[in-house]
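Notes follow the structure.
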Amino acid sequence: MRILLVEDDTMFGGALQQTLRLDGFTVDWSQNAEDAELALTTNEYAVMLLDLGLPAKSGLQLIQELRANNNSLPIIVITARDGRNDRVNGLDSGADDYQVKPFDPDELSARIRAVSRRRIGRLSSVIVHGLITLSPATHEVFYDGEPVSLTAKEFAVLAALLEQPGAILSRATLEDRLYGWGDEVDSNAVEVHIHNLRRKLSKEAILTVRGVGYRIGEKE
């Protein structure tokens, strides 16, 4: 899952980016609202983590402008402002959740997964598709009841396909979800991940739609 972190505190932002990456997220980091707006025009994100106390344009202004332009990207406010009015204004302006610093990183990860589920209309935290069971919270995958060991990128590819079981995802779309700014991406990286997933699950687990992309196989 690719998320956008908007935070001007370099020490806090760097630590949070690293923590979230260790939890399996792809994290791009902007330090002001203007850079965040540019990132949103060039990349697709599942969730935005947004500090309110940004230089020049505040996080609250950014939320209001995005919602005025009908941008429905889930937004979780992360801020030291813990007053009742601050929380009310943030949520009423269009934020989906509000986390006061300092917060528990595991709880933040759970909230990221929760708002992402709501966006795609999925209620359960566990995804079951035929013989495949995937848990985003624990990063566990089972095939026909047996545990399957996947790398972080293999897990991310499988999760992306399972979240949209009827959709065909292009290689470019999968690369966009898997890799953030500055990541080196081999030209055949997605194909390698797909090959490994078929080897570990089954050849029919992921189907190739020639010239278009990939989709999850039919329920077995």
Side-chain angles (χ1 to χ4, degrees), residues 1-10 12-21 23-81 86-87 89-99 101 103 105 108-122 136 153 156-157 159-161 163-164 167-185 190 213:
M1 184 187 301
R2 189 172 184 179
I3 62 179
L4 177 61
L5 170 63
V6 189
E7 169 62 62
D8 67 323
D9 185 316
T10 56
F12 179 82
L16 182 57
Q17 182 185 45
Q18 181 64 22
T19 297
L20 291 171
R21 284 179 171 173
D23 205 19
F25 297 102
T26 298
V27 186
D28 293 340
W29 176 22
S30 296
Q31 297 188 35
N32 57 64
E34 291 75 14
D35 287 348
E37 290 171 327
L38 179 60
L40 291 172
T41 64
T42 55
N43 302 286
E44 182 179 349
Y45 296 100
V47 178
M48 176 193 287
L49 303 178
L50 177 63
D51 184 27
L52 295 182
L54 300 174
K57 182 187 293 185
S58 72
L60 198 62
Q61 288 177 287
L62 179 57
I63 295 173
Q64 292 167 343
E65 291 177 5
L66 290 173
R67 296 312 188 220
N69 291 322
N70 296 316
N71 188 317
S72 62
L73 174 68
I75 299 172
I76 300 177
V77 168
I78 51 170
T79 180
R81 300 178 185 177
D86 292 316
R87 295 195 300 272
N89 289 337
L91 294 169
D92 279 347
S93 293
D96 297 88
D97 204 347
Y98 196 102
Q99 282 276 274
K101 302 172 183 175
F103 44 74
L108 179 62
S109 293
R111 289 176 181 269
I112 291 171
R113 291 189 292 267
V115 297
S116 178
R117 286 199 306 273
R118 289 199 294 271
R119 185 187 194 190
I120 62 178
R122 183 166 53 83
K153 295 302 184 187
V157 169
L161 293 168
E163 285 171 0
Q164 302 179 67
I168 301 170
L169 303 185
S170 68
R171 184 179 73 175
T173 297
L174 289 170
E175 286 179 345
D176 185 65
R177 295 195 185 190
L178 293 174
Y179 299 99
W181 301 337
D183 289 341
E184 293 186 11
V185 185
V190 169

ask   = side chain to side chain contact (heavy atoms under 4.5 Å, CB included) between L20 and I112: does it pass, once the steps are laid out?
value = CA-CA 10 Å; L20 291 171; I112 291 171; 4.0 Å; yes

message = With side chain to side chain contact (heavy atoms under 4.5 Å, CB included) as the criterion, how do D23 and R113 come out once you've worked through the C-alpha distance, each side chain's angles and the decisive distance to 0.1 Å?
response = CA-CA 11 Å; D23 205 19; R113 291 189 292 267; 3.9 Å; yes

Residue pair D96, R67: steps toward the salt bridge (Lys or Arg N to Asp or Glu O under 4.0 Å) verdict = CA-CA 11 Å; D96 297 88; R67 296 312 188 220; 3.0 Å; yes

Step-by-step side chain to side chain contact (heavy atoms under 4.5 Å, CB included) determination, Q31 to T10 = CA-CA 8 Å; Q31 297 188 35; T10 56; 3.4 Å; yes

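Considering only heavy atoms from C-beta on, E163 stays 4.5 Å or farther from R117 through its side chain. Two residues are said to be in side-chain contact when any heavy atoms from C-beta on lie closer than 4.5 Å; Y98 and D86 meet this criterion. For the pair L108/L16, a side-chain contact is recorded, criterion being any heavy-atom separation below 4.5 Å from C-beta on. The shortest distance between side-chain heavy atoms of I76 and L50 does not fall below 4.5 Å. In this structure the side chain of M1 reaches within 4.5 angstrom of the side chain of S116, judged on heavy atoms.
Here the CG-CD distance, from L40 to E37, works out to 7.5 Å after rounding to the nearest 0.5 Å. Atom CZ in R81 sits 13.5 Å away from atom CZ in R87 (nearest 0.5 Å). Here L60 contributes atom CG and D92 contributes atom CG; the two are 10.0 Å apart, rounded to the nearest 0.5 Å. Atom OG1 of residue T19 and atom CZ of residue F25 lie 11.5 Å apart, to the nearest 0.5 angstrom. Interatomic distance, CG of N89 versus CD of Q64, reported as 8.5 Å (0.5 Å rounding). Atoms CG and CG, on D97 and L91 in that order, are 7.5 Å from each other to the nearest 0.5 Å.
When all heavy atoms of G13 and L5 are compared, the closest pair comes out as O-CD2, 3.6 Å. Across all non-hydrogen atoms, the minimal contact from L66 to I75 is CD1-CD1, 4.0 Å. The nearest pair of heavy atoms linking D176 to N43 is OD1-OD1, 3.7 Å. Residue N32 comes nearest to P55 through the heavy atom pair CB-CG, 4.2 Å, listed as atom of the first residue, atom of the second, then distance. The two atoms that bring L169 and Q164 nearest to each other are CD2-NE2, 4.0 Å, heavy atoms only. Taking every heavy atom of both residues into account, V115 and R118 meet most closely at CG1-NH2, 2.9 Å.
Every residue meeting the side-chain hydrogen bond (donor to acceptor under 3.5 Å, both in side chains) condition with D28, not counting sequence neighbours, appears here in chain and number order: R2, Y45, W181. Scanning for side chain to side chain contact (heavy atoms under 4.5 Å, CB included) contacts around A36 gives L4, V6, S30, L62, with sequence neighbours left out.
At distances below 3.5 Å, at least one donor-acceptor pair connects side-chain atoms of Q61 with backbone N or O atoms of S58. Side chain of Q17 to main chain of V27: a donor-acceptor pair is present (N/O by atom type, distance under 3.5 Å, no hydrogens or angles). With hydrogens and angles ignored, the 3.5 Å screen pairs no side-chain donor or acceptor of N69 with any backbone N or O of N71. Judged purely by atom type and a 3.5 angstrom limit, T26 uses its side chain to pair as donor or acceptor with the backbone of L178. Under a 3.5 Å cut-off, the side chain of W29 and the backbone N or O of E7 do form a donor-acceptor pair.
Among residue pairs with one or both ends in residues 42-55, those qualifying as salt bridge (charged side-chain N to carboxylate O under 4.0 Å, His left out) are D51-K101; sequence neighbours excluded.
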